[in-house]
There are 2 protein chains.
Amino acid sequence: MPTVSSEELAAAAGVNSAKLRKDFSYLGSYGTRGVGYDVEYLVYQISRELGLTQDWPVVIVGIGNLGAALANYGGFASRGFRVAALIDADPAMAGKPVAGMPVQHTDELEKIIEDNGVSIGVIATPAGAAQQVCERLVAAGVTSILNFAPTVLSVPDGVDVRKVDLSIELQILAFHEQRKAGEEAAADGVVPPVAAKPHRKGPDGDVPAVMPA
Amino acid sequence: MPTVSSEELAAAAGVNSAKLRKDFSYLGSYGTRGVGYDVEYLVYQISRELGLTQDWPVVIVGIGNLGAALANYGGFASRGFRVAALIDADPAMAGKPVAGMPVQHTDELEKIIEDNGVSIGVIATPAGAAQQVCERLVAAGVTSILNFAPTVLSVPDGVDVRKVDLSIELQILAFHEQRKAGEEAAADGVVPPVAAKPHRKGPDGDVPAVMPA
DNA sequence: CAATCTTTGTGCACGCGTTCACAAAGACAT
DNA sequence: ATGTCTTTGTGAACGCGTGCACAAAGATTG
């Protein structure tokens with residue numbers, strides 16, 4: 001029986017082995033003392049807990065470049081997601097195949113959601129259309145929304161929204177890039193604009209808490 | 001002179017006003033006691049610290065659906081990012097206009113990066129090509145990489161990589177969706193599969209620490 | 001100019017998550 | 001069967017970030 005120890009997994013993942021064992025114990029995944037965790041059982045437990053063993057039908061609304069990219073993205077199927085439908089407001093798109101699936105018109109939205117028991121919707125429309133689409137999704141029974149449109153959606157209680165802003169990640173890179181440049185300049189004896197007057201150091205001594213590492 | 005107090009900002013952002021003041025004090029942004037912060041100066045300070053006032057030329061490699069979506073994304077320009085070039089390995093794409101800009105062939109990669117002083121690269125290629133593209137970017141002088149390809153990139157020290165996995169956000173939604181369903185079932189007296197044997201509760205009592213809220 | 005009022009900047013304490021460290025459990029060898 | 005060795009599961013301690021609370025600063029008013 002193939003097994004792994006918490007120590008091996010921790011080293012591979014770069015985390016503390018005790019934390020890993022605590023997290024596993026939360027799942028109720030019993031390991032065997034002196035041996036480790038049964039790999040197969042562990043994979044199953046984690047998959048189940050994360051919802052990977054379930055079938056999650058999702059609809060993608062707004063089949064522009066981003067919507068098409070999402071429809072073609074291979075990572076969904078392997079994680080239990082099934083693209084139930086591609087929906088777009090443009091009548092010219094209707095019937096057009098994207099990722100081997102015909103695009104359907106927004107008029108069909110409610111019917112599609114009810115017929116497929118969809119509870120997760122992806123919004124990849126322009127910002128202007130997002131709120132309206134959101135409301136129709138929610139009214140039709142969707143309770144989780146992944147929003148790629150650059151707008152903050154307002155939803156009733158009980159509905160989860162996650163907003164993905166593609167430029168935020170770039171922002172973070174630029175922030176670090178800037179401080180790389182600043183450090184070099186400092187090493188050269190030039191005062192960098194950013195660190196010109198470090199009035200006070202943050203709690204971690206360098207990076208403000210609001211900025212992800 | 002228009003001003004804001006930390007209290008107002010904190011209420012608007014839904015955070016603690018003391019934390020907000022601490023973060024501001026890190027920036028060296030002096031407020032005026034009894035008055036608050038000068039809005040204009042504050043905006044400038046934060047923009048500068050975050051790198052929004054700088055010009056960040058970026059290249060996007062891999063102009064498929066996702067690359068095109070990124071090229072068309074409006075949120076970049078307003079945050080100091082300038083798309084210096086779109087690069088693709090397909091010779092048929094070369095010269096084709098995307099987002100009002102001709103796609104250039106991978107052969108030009110090194111020259112483009114050096115000519116434009118690019119230090120940030122975006123990889124939107126298929127998984128198979130990502131590592132190779134990454135190495136060429138790094139060799140040409142790029143020190144920050146935003147990776148959309150579903151692969152873990154290995155890079156030398158001093159190079160930052162941020163990986164964006166579009167399915168992770170869906171995963172998180174599905175996780176919460178699952179526990180919503182579990183709670184309903186529990187309320188109905190049915191034992192949900194997830195919470196069937198909660199051997200041990202996590203530190204926060206419910207959600208394991210590895211799962212974002 | 002003195003008194004009062006508002007809001008900042010920050011020391012201090014509390015709480016939470018991570019890590020340490022070890023007893024208990026089970027495998028494996030003798 | 002007994003002892004040894006490995007690895008789990010978890011209580012306890014440590015450290016860090018968040019929030020409280022207040023003194024200092026400056027504006028504003030009489």
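Residue numbers begin at 1 in each chain, while the letters A, B, ... track the order of the sequences.
What separates CG of B:Leu20 from P of C:dT7 is a distance of 14 Å, to the nearest Å. Rounded to an integer number of Å, the gap from A:Glu8 CD to D:dT6 C1' is 12 Å. For B:Glu7 and C:dC5, the CD to P distance is 19 Å, given to the nearest whole Å. C:dT7 atom C1' lies 13 Å from atom CG of B:Leu9, rounded to whole Å. The interatomic distance linking A:Leu27 (CG) with D:dT10 (P) rounds to 13 Å, in whole Å. Atom-to-atom, CG of B:Asp38 to P of C:dT7 comes out at 16 Å; the value is rounded to the nearest Å. Taking atom CG on A:Asp23 and atom P on C:dT18, their separation rounds to 8 Å, with Å as the unit.
Residues satisfying the salt bridge (charged side-chain N to carboxylate O under 4.0 Å, His left out) criterion with B:Arg82, sequence neighbours excluded, are B:Asp55. Listed by chain and number, the residues in a salt bridge (charged side-chain N to carboxylate O under 4.0 Å, His left out) with B:Arg21 amount to none (sequence neighbours excluded).
Put simply, CG on A:Asp165 and CD on A:Gln171 are 8.5 Å apart, with the number rounded to the nearest 0.5 Å. Between the CG atom in B:Asn16 and the CD atom in B:Glu7 there is a gap of 8.0 Å [rounded to 0.5 Å].
Within the 4.0 angstrom heavy-atom criterion, no nucleotide atom of any strand lies near B:Ser17. Across all strands shown, B:Phe24 has no heavy atoms under 4.0 Å from either base or sugar-phosphate atoms.
Remark: B:Glu135 CD is packed, more than 12 non-hydrogen atoms of other residues, nucleotides or ligands lying under 6.0 Å away.
The nearest heavy atom of DNA chain D to B:Thr32 and to A:Ser6 marks one nucleotide each, and the one closer to the 5' end goes with A:Ser6.
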*If the sugar-phosphate is the primed atoms plus P, OP1 and OP2 and the base is the rest, what is the B/S/- string for nucleotides 19-25 of chain D, using protein heavy atoms under 4.0 Å?*
BBB--BB
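When B:Thr106, B:Ile123, B:Ile87 are each tested for a side chain to side chain contact (heavy atoms under 4.5 Å, CB included) with B:Val133, only one passes: B:Ile123.
Residue B:Tyr26 has no polar side-chain atom (N or O) positioned under 4.0 Å from OP1 or OP2 of C:dT10. Look at B:Ser5 and you won't find any side-chain N or O under 4.0 angstrom from OP1 or OP2 of C:dT7.
Taking the six-membered ring where tryptophan is involved, the planes of A:Tyr73 and A:Phe76 are perpendicular, since the angle between them exceeds 60° and thus also 30°.
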